[in-house]
*Asks:* 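I am attaching a structure below and will ask some questions about it afterwards.
A quick note: this is a predicted structure, and the numbers were derived from the prediction, not measured. What's counted below: heavy atoms across the whole structure, side chains too, no hydrogens, waters or symmetry copies.
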Amino acid sequence: MTIKLLCARGNQPAGAIVTLDAATEAGLVTAKMATTDLTGGVPYIPPAAALAPRFAPRRKVVGCTAFSPPKEASVSTNTTWHLTMAAARAFSGIEVFYAAAQGVDVTYDHTAVAASASLTVPMTPTEPWYVGPSVTLPTTGTTDLPAYGSTGILPCRSVKRIDGRYPLAMIRTHAVGKTPSYASIPNFSTAYDAANPDWPMQVYQTGGGDYCSVNQNLFNVNAPRLNFLIPAMVKFVYDQSGITVLAMGDSLMGGDSVIDGSSGRLSYAFKAIRQLQDEGMAIDLVNCAISGNTFARFGPRGKAFIDMVKPDVVLIPAFTPNVAGGGSYDNQAEIDAQWAACMDLVAYAQAAGCLVILVTPMPDNSTNVAKDNFRLQNRDRAFASGLWVFDVEPLVSNRASPARWLPGMNDNGNGIHYGAQGGSVMGAGLAALLKQILY
């Protein structure tokens with residue numbers, strides 16, 4: 001039975017439509033505190049902030065946000081970069097991670113962090129800067145597996161934003177010599193804000209001096225927005241415990257970095273976590289996926305991120321359309337090898353205490369029946385594995401043989417990648433699954 005409350009009951013206001021156990025409902029009706037007449041009532045939805053995860057977080061109050069991996073050394077010397085970004089909740093410390101991928105040692109000479117109550121001046125915090133130590137990275141980094149190093153935890157106390165939105169952190173980096181440039185994200189500086197009005201991520205740079213540890217107020221306020229992000233990852237020490245999700249894979253997981261101007265595409269994993277954050281859940285995402293990667297390339301990086309981030313949940317693709325040497329997944333040996341690599345990642349994540357979610361293969365509009373059946377083999381294996389599975393097939397596929405993307409779900413003119421609508425549908429689906437598992 002379902003009842004309408006005639007007076008407030010705990011957090012439930014008068015007029016709320018609730019479903020309780022039969023004895024409680026009968027008692028409330030008898031006491032004239034409720035009625036079975038639901039007319040004019042409003043279904044009660046508990047506040048998301050009151051939800052506590054059923055899955056005990058391993059990292060407690062530490063959460064991460066990962067950005068794009070580095071590419072090649074090509075930026076100017078004696079440059080300062082500024083990043084303004086949102087944090088998922090109130091924080092007391094920030095650890096800044098840098099990356100090097102060129103096989104040469106790289107030094108980030110100064111790092112400064114600050115909190116701000118306002119985005120009115122995107123490059124000027126309302127709180128004092130805290131300057132951290134230099135970070136020198138070794139020569140071992142590669143494009144697929146960059147070398148990472150951090151400042152250690154820098155004390156930085158968040159402040160409530162004037163507009164009531166997510167707390168703001170500002171991070172500056174100064175390098176005397178050349179540092180790696182980071183992967184360019186098409187139209188990031190012009191298109192990101194419209195897609196994420198409550199989750200700012202703005203990058204600027206100015207050359208010719210140190211505007212990080214000195215001359216901080218002289219940073220060029222007319223500096224242009226950039227299409228890449230420095231640093232590589234930011235780890236917040238939060239005031240509230242939460243869950244960190246690690247996503248690994250290729251462009252189908254990464255969303256081709258963050259945004260693509262032709263479709264407004266964002267990673268569906270990013271959209272899922274943002275939805276849960278907006279619903280009040282303490283959760284964060286690290287996305288270490290890189291476009292074009294095979295299992296042989298993203299597998300070692302995924303293991304390194306499990307060690308470095310120590311996530312609670314790991315998203316692992318059961319399949320990638322990327323094959324070593326530019327080949328095709330049109331033979332049994334390739335599909336079997338991909339599944340073996342997937343299970344190797346699963347075993348590594350489980351040994352680290354992570355909850356694993358497998359992601360089923362997405363459709364490809366260029367396949368024939370035989371090739372599509374190879375793709376679906378690893379979907380069947382995922383369901384038979386006994387693991388949690390995020391199945392994208394019913395969300396974006398027409399389920400034909402061979403399968404094709406549902407109209408509007410794939411990127412404009414692209415039969416392999418999802419577009420804005422497809423990313424939103426899969427993001428909502430992943431968010432629902434995470435809530436089912438975790439809350």
*Asks:* Provide the closest heavy-atom pair for L137 versus A147 in the form atom of the first, atom of the second, distance.
*Replies:*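 So the two residues come closest at CD1-O, 3.7 Å.
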*Asks:* Taking all heavy atoms of Y439 and all of I283, pick out the closest pair and write down the distance.
*Replies:*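 Looking at all heavy atoms of both residues, the closest pair is OH-CB, 4.3 Å.
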*Asks:* For residues A117 and T126, report the shortest heavy-atom separation together with the two atoms involved.
*Replies:*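 Looking at all heavy atoms of both residues, the closest pair is N-OG1, 2.9 Å.
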*Asks:* In sequence, state the C-alpha distance, the side-chain angles, and the governing distance for L358 and C342, and then conclude on side-chain contact (heavy atoms from CB on, under 4.5 Å).
*Replies:* CA-CA 9 Å; L358 296 182; C342 173; 3.7 Å; yes
*Asks:* How long is the span from the OG1 atom in T36 to the CD1 atom in I3, to the nearest 0.5 Å?
*Replies:* 9.5 Å
*Asks:* How many angstroms lie between atom OG of S366 and atom NZ of K371, to the nearest 0.5 angstrom?
*Replies:* 5.0 Å
*Asks:* With a 4.5 Å limit on heavy-atom distance, are the side chains of H417 and S251 in contact?
*Replies:* yes
*Asks:* May I ask you to decide if M123's main-chain N or O and R172's side chain share a donor-acceptor pair within less than 3.5 Å?
*Replies:* yes
*Asks:* Take N196 and M201, measure what side-chain contact (heavy atoms from CB on, under 4.5 Å) needs, and give me the verdict at the end.
*Replies:* CA-CA 9 Å; N196 299 277; M201 199 173 292; over 6 Å; no
*Asks:* Does a side-chain heavy-atom distance below 4.5 Å link I416 with M362?
*Replies:*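 When only atoms from C-beta onward are counted, M362 and I416 do not touch, as no gap falls below 4.5 Å.
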*Asks:* Would you confirm whether D312, through its side chain, and T244, through its main-chain N or O, come within 3.5 Å as a donor-acceptor pair?
*Replies:*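 Here the side-chain-to-backbone pair exists.
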*Asks:* For the pair N365 (side chain) and W405 (backbone), establish whether a donor and an acceptor sit closer than 3.5 Å, ignoring hydrogens and angles.
*Replies:*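 A pair under 3.5 Å: yes.
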*Asks:* Salt bridge or not for D364 and R404, using N-O below 4.0 Å?
*Replies:*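 Between R404 and D364 there is no salt bridge, as every charged N stays at least 4.0 Å from the carboxylate O atoms.
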*Asks:* Could you check whether any side-chain heavy atom of L6 comes within less than 4.5 Å of a side-chain heavy atom of M33, counting everything from C-beta outward?
*Replies:*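 Side chain of L6 against side chain of M33, heavy atoms only: no contact under 4.5 Å found.
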*Asks:* For the residue pair Q350 / Y348, report whether a side-chain donor-acceptor contact shorter than 3.5 Å exists.
*Replies:* no
*Asks:* Measure the spacing between OG of S267 and CG of L252 and express it to the nearest 0.5 Å.
*Replies:*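 These two atoms lie 10.0 Å from each other.
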*Asks:* Locate the shortest heavy-atom distance separating L246 from C288; write the atom from each residue and the value.
*Replies:* CD1-SG, 4.0 Å
*Asks:* Applying salt bridge (charged side-chain N to carboxylate O under 4.0 Å, His left out), which residue pairs with at least one partner in residues 343-359 are found, sequence neighbours left out?
*Replies:* K303-D344
*Asks:* Counting C-beta onward and ignoring hydrogens, is there a side-chain heavy-atom pair between V314 and M248 closer than 4.5 Å?
*Replies:* yes
*Asks:* Applying side chain to side chain contact (heavy atoms under 4.5 Å, CB included), name anything that partners L433, two or more places apart in sequence or on another chain.
*Replies:* I357, W388, F390, Q436, I437
*Asks:* How many angstroms lie between atom CZ of R165 and atom CG of L119, to the nearest 0.5 angstrom?
*Replies:* 9.5 Å
*Asks:* Test side-chain contact (heavy atoms from CB on, under 4.5 Å) on M85 and V234 and set out the steps.
*Replies:* CA-CA 10 Å; M85 63 176 295; V234 176; 3.9 Å; yes
*Asks:* Locate the shortest heavy-atom distance separating T367 from A403; write the atom from each residue and the value.
*Replies:* OG1-O, 4.2 Å
*Asks:* Is there a side-chain contact between P363 and V396 (heavy atoms, below 4.5 Å)?
*Replies:*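 In contact.
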*Asks:* Hey, is R161 close enough to D198 for a salt bridge, meaning N to O under 4.0 Å?
*Replies:* no
*Asks:* Verify whether one side chain among S118 and T120 offers a donor that lies under 3.5 Å from an acceptor in the other.
*Replies:*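 Side chains of S118 and T120: pair found under 3.5 Å.
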*Asks:* Report the residue from I153, V113, V135 that forms a side chain to side chain contact (heavy atoms under 4.5 Å, CB included) with V96.
*Replies:*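 In the set I153, V113, V135, the residue that makes a side chain to side chain contact (heavy atoms under 4.5 Å, CB included) with V96 is V113.
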*Asks:* Quick check for you: to the nearest 0.5 Å, what is the distance between Q205 atom CD and T173 atom OG1?
*Replies:* 11.5 Å
*Asks:* Could you list the residues that satisfy salt bridge (charged side-chain N to carboxylate O under 4.0 Å, His left out) with K4, not counting sequence neighbours?
*Replies:* none
*Asks:* Quick check against the 3.5 Å criterion: does D411 have a side-chain atom that pairs as donor or acceptor with the backbone of N414?
*Replies:* no
*Asks:* State which residues pass ring pair (Phe, Tyr, Trp, His ring centres under 6.0 Å) with F91; sequence neighbours excluded, sorted by chain then number.
*Replies:*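 Per chain and number, F91 pairs via ring pair (Phe, Tyr, Trp, His ring centres under 6.0 Å) with F236.
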*Asks:* Supply the atom-to-atom distance L430 CG to F270 CZ, rounded to the nearest 0.5 angstrom.
*Replies:* 13.5 Å
*Asks:* Donor-acceptor check, side chain of H82 to backbone of P122, threshold 3.5 angstrom: yes or no?
*Replies:* yes
*Asks:* Might you work through the side chain to side chain donor-acceptor pair (under 3.5 Å) test for T84 and Q202, ending with a clear yes or no?
*Replies:* CA-CA 5 Å; T84 295; Q202 302 177 359; 5.2 Å; no
*Asks:* Do F295 and R297 have side chains that get closer than 4.5 Å, going by heavy atoms?
*Replies:* no
*Asks:* Please lay out, stage by stage, how Y418 and Y268 fare under the test ring pair (Phe, Tyr, Trp, His ring centres under 6.0 Å).
*Replies:* CA-CA 9 Å; Y418 53 86; Y268 72 85; 5.6 Å; yes
*Asks:* Which heavy atom of P231 sits nearest a heavy atom of L83, and at what distance?
*Replies:* CD-CD2, 3.8 Å
*Asks:* Test side-chain contact (heavy atoms from CB on, under 4.5 Å) on N293 and T320; report intermediate values, then the result.
*Replies:* CA-CA 8 Å; N293 272 198; T320 175; over 6 Å; no
*Asks:* Do R225 and T190 come close enough that some side-chain heavy atom pair is under 4.5 Å?
*Replies:* no
*Asks:* By ring pair (Phe, Tyr, Trp, His ring centres under 6.0 Å), which residues pair with Y166, not counting sequence neighbours?
*Replies:* W199
*Asks:* Any side-chain heavy atom of F298 sitting closer than 4.5 Å to one from L345?
*Replies:*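 Touching, per the 4.5 Å side-chain cut-off.
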*Asks:* Quiz question: by atom type and distance under 3.5 Å, do the side chains of E393 and T360 form a donor-acceptor pair?
*Replies:*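 No, because no side-chain N or O of E393 sits under 3.5 Å from a partner of the opposite role on T360.
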*Asks:* So, using salt bridge (charged side-chain N to carboxylate O under 4.0 Å, His left out) as the criterion, who are the partners of R379 when residues are at least two apart?
*Replies:*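 For R379, the residues satisfying salt bridge (charged side-chain N to carboxylate O under 4.0 Å, His left out) (neighbours in sequence not counted) are D391.
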*Asks:* Take T111 and Y98, measure what side chain to side chain donor-acceptor pair (under 3.5 Å) needs, and give me the verdict at the end.
*Replies:* CA-CA 10 Å; T111 299; Y98 296 108; 2.7 Å; yes
*Asks:* Would F305 and Y148 count as a close aromatic pair, with their ring centres under 6.0 Å?
*Replies:*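 F305 vs Y148: aromatic centres under 6.0 Å.
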*Asks:* Would you check if there is a donor-acceptor pair between the side chains of S189 and N227 at a distance under 3.5 Å?
*Replies:*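 Result is yes, a qualifying pair exists.
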*Asks:* Could R89 and D284 be called an ion pair, given the rule that one side-chain N must be under 4.0 Å from one carboxylate O?
*Replies:* yes
*Asks:* Evaluate the side chain to side chain donor-acceptor pair (under 3.5 Å) criterion for residues T2 and T19: first the C-alpha distance (whole Å), next the side-chain angles of each, then the deciding distance (0.1 Å), finally the verdict.
*Replies:* CA-CA 5 Å; T2 299; T19 300; 2.9 Å; yes
*Asks:* Would you say the side-chain atoms of R375 pair up with the backbone N or O of P361, donor to acceptor, closer than 3.5 Å?
*Replies:*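 Pair found, side chain donor or acceptor close to backbone of P361.
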